[in-house]
**Student:** 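Sending over a structure as structure tokens; questions will come in a sec.
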Amino acid sequence: MRVALDPGPRGERMRLRRLAEDGTPIGPPETVTAAEVRALERGCSPRWVLARQHRYRRLLAAGITLGRNHDVELVEGILVAADGRFGEPHGLAAAAARLTGREPPPDPPAPAHDGDGLFDTGPADELADIVAVHAAQQRTLARGPAGLRLLAAAESAGALVAGEMHAHGLPWRADVHDALLTEALGPRPVHGGRPPKLAALAEQVREAFGRPVNPDSPAELIRAFARAGHELGTTRSWELRRIDHPAVAPLLAYKELARLHSAHGWSWLRTWVRDGRFRPEFVVGGVVTGRWATRGGGALQIPKAVRAAVRADPGWKLVVADAAQLEPRVLAALSGDHRLAPGTDDLYSALADREFGGDRSKAKLALLSAMYGGTAGEAGELVARLRQRFPAAMAYVDGAARDGEAGRLVRSHLGRTCPPAGPLTTAAAARARGRFTRNFVVQATAAEWALVMLAELRAALRSAGSPAQLVFFQHDEVMLHVPEEAAGEVVDAVHAAAATAGRRLFGDTPVRFPLTPRVVDGYDER
DNA sequence: TAGGTCAGCGCC
DNA sequence: AAAGGGCGCTGACCTA
């Protein structure tokens, strides 16, 4: 059974309507309490049809967790794009308007950060729209390829995972973070200004130039180096490293520490960590390829330098699992060029031994360039060698690139469709579009594998009654916070979820998708 | 003062 | 040596 559920603007009077699988109502609208929703979930665990990702926050706040769902707005986004109308509004109101031939209103702006989501004011009564749009989506999905149905289910499950990750929060030790900042930067300045070690490096830069230069200002640096006889195009660190000048060493050191201070320093800590938890908002499908985005705190760019602050609570462990070389494996499965991904754990080493004289870095560069469209320098020659040895794999990405250059759309394995091209009036624009579509087919399919894996993992843990909490997800890596005694079964569940995801996407492909969990106290531990 | 863009760099 | 895909965030800098 399916149940359309509208938690309403406050969450105290929830409204629902029971539906058949195809979305046809099989009962009248009902007004229910949170306890009644929990009882329904316990009793027959229906697939809950919700308007949008954000709605689950309110349910969680009311003590309700759901097993399975259908997220109307996420699914609408996928269907609109699949229809070649990427970018058209896909909010519930717009979808309902299209059904009745009315002009779709623009999507409302994303809700502001509001803690537990209780202040989000949506339309007063969305239940009728949810029911109608869901039924139309079920008709469309039933007509379409099976992959799209799997994608709709996985994307929807993502909304549940994302809501729960936000609710659990990533365990974050402010004291550990503060200690490593103090170690790197010196004591926190009480009245603002640069921390001592940054100030000292800025002074060394000034001395090297013999005049005041703001090391934070690219324009000033370029002028200062020009006066010293070094013409720079940019002040990127790799470019600075090539020139011989006494300011370079302190400047590079300054840049590295300044980055830590500004992006993940004390101000970040005060803004984003509360009561030992970092709670970014995960935006399902926030990236065109289907990768998730986050809002708040730059959660997908936690630098290695501060990962020691992510620590399990006493008596708990972190289970950190990342997929090894996911994208080349996805390419091997997509293209059927299975020799590209032999049954070894390190695909780059295996490739290096067979094709690149044991040079792993060459093998890695070759594969990445094949998927990104890199041609410059050594990459062009390495990709040419790949093209000779793995014609099917290369034909797959080359075909996607040609489609892009010609202005055609490309799709992921399950059917996520790329956005349309802008005007391809120059050869450079066409090539850039080709690099985008070349990468899209691989990145988007890798995102699908990760999404299905995440959904499988959540479902397995939930049905086992595991106390493990999903707390972080970053493209091809997932983290759980688990009571120590439950870590073993979580490790097993991780392996199983990876294997299941591979099968659900690619059937009985010989390509393996190893997802290797490590049980640790801190995120910095290998 | 408030808003935009750019450069730069962190992550995958 | 320094190029090729996807992002978010910061400070500098510019404009309204």
Side-chain angles (χ1 to χ4, degrees), chain A residues 192 194 198 213-223 232-243 251-252 254-265 267-268 271-272 280-283 285-307 322-328 330-331 361-362 364-383 386 397 400-401 404 410 412 416 418-419 428 431-447 449-450 472-478 523:
Chain A
R194 290 192 175 110
L198 265 186
V213 173
N214 178 5
D216 289 320
S217 167
E220 274 190 48
L221 286 171
I222 285 178
R223 281 195 295 273
L232 289 171
T234 72
T235 60
R236 289 186 174 89
S237 45
W238 59 260
E239 197 164 347
L240 290 172
R241 261 183 269 275
R242 289 163 45 191
I243 62 177
L251 180 55
L252 290 173
Y254 176 91
K255 276 171 165 280
E256 194 175 329
L257 288 184
R259 173 81 194 173
L260 174 66
H261 180 237
S262 70
H264 287 94
S267 144
W268 182 93
T271 307
W272 297 111
E281 182 181 346
F282 291 89
V283 185
V287 177
V288 292
T289 56
R291 280 184 171 184
W292 291 12
T294 60
R295 288 168 53 188
L300 300 184
Q301 300 113 255
I302 300 170
K304 298 210 161 48
V306 303
R307 290 185 178 185
D322 66 318
Q325 303 140 0
L326 177 58
E327 294 192 351
V330 161
L331 175 56
S361 66
K362 275 191 182 179
K364 181 173 178 179
L365 177 63
L367 265 176
L368 292 178
S369 300
M371 292 183 297
Y372 291 162
T375 55
E378 197 185 8
E381 178 224 328
L382 296 176
V383 171
L386 276 188
V397 283
V410 297
S412 69
R416 194 186 301 273
C418 74
R431 278 196 303 273
R433 175 70 182 179
R435 286 193 299 272
F436 168 69
T437 50
R438 170 190 294 272
N439 183 249
F440 181 94
V441 293
V442 177
Q443 189 183 118
T445 303
W449 178 87
F472 192 61
F473 174 57
Q474 185 180 35
H475 311 315
D476 61 358
E477 171 177 329
V478 61
Y523 190 21

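Just so you know, these numbers use all the heavy atoms, side chains as well, and skip hydrogens, waters and symmetry mates.
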**Student:** Nearest whole Å is fine: how far is C:dG11 P from A:Tyr254 OH?
**Tutor:** 10 Å

**Student:** Under 4.0 Å, counting only non-hydrogen atoms across every strand here, what does A:Arg242 touch: a base, just sugar-phosphate, or nothing?
**Tutor:**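 The answer is sugar-phosphate, as A:Arg242 gets under 4.0 Å only of primed atoms, P, OP1 or OP2.
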
**Student:** What does A:Asp322 touch in the nucleic acid at a heavy-atom separation under 4.0 angstrom: a base, only the sugar-phosphate, or nothing?
**Tutor:**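 Nothing: the residue A:Asp322, judged by heavy atoms under 4.0 Å, touches no strand.
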
**Student:** Under 4.0 Å, heavy atoms only, any strand: does A:Gln443 hit a base, just the sugar-phosphate, or nothing?
**Tutor:**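 Base contact - A:Gln443 has a heavy atom under 4.0 Å of at least one base atom.
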
**Student:** Hey, does A:Leu368 reach any base, or is it just sugar-phosphate, or nothing, if we go heavy atoms under 4.0 Å?
**Tutor:** nothing

**Student:** For the CD atom of A:Gln443 and the CZ atom of A:Phe436, what is their distance to the nearest 0.5 Å?
**Tutor:** 8.5 Å

**Student:** What are the bounds, 5' to 3', of the part of DNA chain B that sits under 4.0 Å from heavy atoms of chain A?
**Tutor:** B:dA7 to B:dC12

**Student:** Whole Å only: how far is the CZ atom of A:Arg435 from the P atom of C:dC7?
**Tutor:** 14 Å

**Student:** Could you tell me whether the phosphate oxygens of C:dC7, OP1 or OP2, come under 4.0 Å of any side-chain nitrogen or oxygen in A:Thr289?
**Tutor:** no

**Student:** Has A:Tyr372 got its ring stacked on C:dG4, by the test of a centre gap below 5.5 Å and a plane angle below 30°?
**Tutor:**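 Base of C:dG4: not stacked against A:Tyr372.
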
**Student:** So which nucleotide from C:dA12, C:dG4, C:dG6 ends up closest to the side chain of A:Val287?
**Tutor:** C:dG6

**Student:** Could you tell me whether A:Gly377 contacts a base, only the sugar-phosphate backbone, or nothing, with contacts defined as non-hydrogen atoms closer than 4.0 Å?
**Tutor:** nothing

**Student:** Is A:Gly297 touching bases, backbone alone, or none of the nucleic acid, heavy atoms closer than 4.0 Å?
**Tutor:**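 Sugar-phosphate, backbone atoms only, no base.
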
**Student:** Hey, is the side chain of A:Asn439 poking within less than 4.0 Å of OP1 or OP2 on C:dG4, counting only N and O atoms?
**Tutor:**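 For A:Asn439, the contact criterion (side-chain N or O under 4.0 Å from OP1 or OP2 of C:dG4) is not met.
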
**Student:** Which part of the nucleic acid, if any, lies within contact of A:Ala293, taking any heavy atom under 4.0 Å across all strands shown: a base, the sugar-phosphate backbone alone, or nothing?
**Tutor:** sugar-phosphate

